[in-house]
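Here's the structure we're looking at; comments come further down.
Side chains are part of it too, since the values below use all heavy atoms of this structure and drop only hydrogens, waters and symmetry mates. Keep in mind that what you see is a predicted model, and the values were worked out from it rather than measured.
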Amino acid sequence: LIIKNGYDSKTETKKLDLNEIQFKLGGEINLKNLQKIGAERLTSVDQEDYYYSPDNGNLKESGEILRIRHENGHKILTYKGPRLETDIQIRAKFEFEIDDEIEEKFLSVFKNPIKIIKKKCILYQLNNIIFSIDNVSKIENKKETEIGKFIEIKSTNRNTDTEEIKDVILRLGLSIEDGLKKSYSEM
């Protein structure tokens, strides 16, 4: 007896009920303007994201992301579902910290990353919304390439709505129409 269940990533990720709201824009922000509007600098952090795809499927085609992030001595396994069709990127997100043993088991299944994204991020807060100024590069086929500088505004707080994100976008002097829909791994 063989039971075959179809997997529909858009349907399945709705069940998670954990969404990330995100706006990304290429370029830089004038740091003096950040002070004027009351943005608070929080910290800076280096991140290395290792992206994986299963042998029997292509997550890129389904719009899903599977990665392990290395940050400040921690390893975070993240799954992101397909994007919802909105002016600001919204997608299901599920993540948790893993230890060396879990990473080893994960790598025994997924083998080598398909891409590595390196980010140097400066984190700020404005109106309880966190945003970052990112300097991003990628390693693909053993070659490192600069992707560029970006402003990234995001929230995983269930009580945050897109209007709060849009308010921060406008206060930063950015345009929603100029937002990028691609993740760094797709660039």
For Val136 and Met187, what are the C-alpha separation, side-chain angles and deciding distance, and is it a side-chain contact (heavy atoms from CB on, under 4.5 Å)?
CA-CA 10 Å; Val136 184; Met187 294 182 186; over 6 Å; no

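Interatomic distance, Glu40 CD to Leu126 CG, rounded to the nearest 0.5 Å: 10.0 Å. Note that the CD1 atom of Ile176 and the CD1 atom of Ile169 stand 4.5 Å from one another [nearest 0.5 Å]. Leu172 CG to Leu25 CG: the interatomic distance, rounded to the nearest 0.5 Å, is 10.0 Å.
Ring pair Phe131/Tyr124 is parallel by interplanar angle, where below 30° counts as parallel and above 60° as perpendicular.
In terms of heavy atoms, Ile130 sits closest to Gln125 at CD1-OE1, 3.6 Å. Nearest approach of Ser183 to Arg83, heavy atoms of both residues: N-NH2, 3.4 Å. Across all their heavy atoms, Lys75 and Glu103 have their closest contact at NZ-OE1, 2.6 Å. For the pair Glu152 and Tyr184, the tightest heavy-atom approach, listed with the atom from each and the gap, is OE2-CE1, 3.6 Å.
For the pair Ile133/Glu28, no side-chain contact is recorded, criterion being any heavy-atom separation below 4.5 Å from C-beta on. Inter-residue side-chain proximity for Asn135 and Glu146 is flagged as met; some heavy-atom pair is nearer than 4.5 Å.
Distance alone, capped at 3.5 Å, places no donor-acceptor pair between the Arg69 side chain and the Asp49 backbone.
Among the candidates Arg67, Glu186, Glu140, the single residue satisfying the side chain to side chain contact (heavy atoms under 4.5 Å, CB included) test with Lys115 is Glu140.
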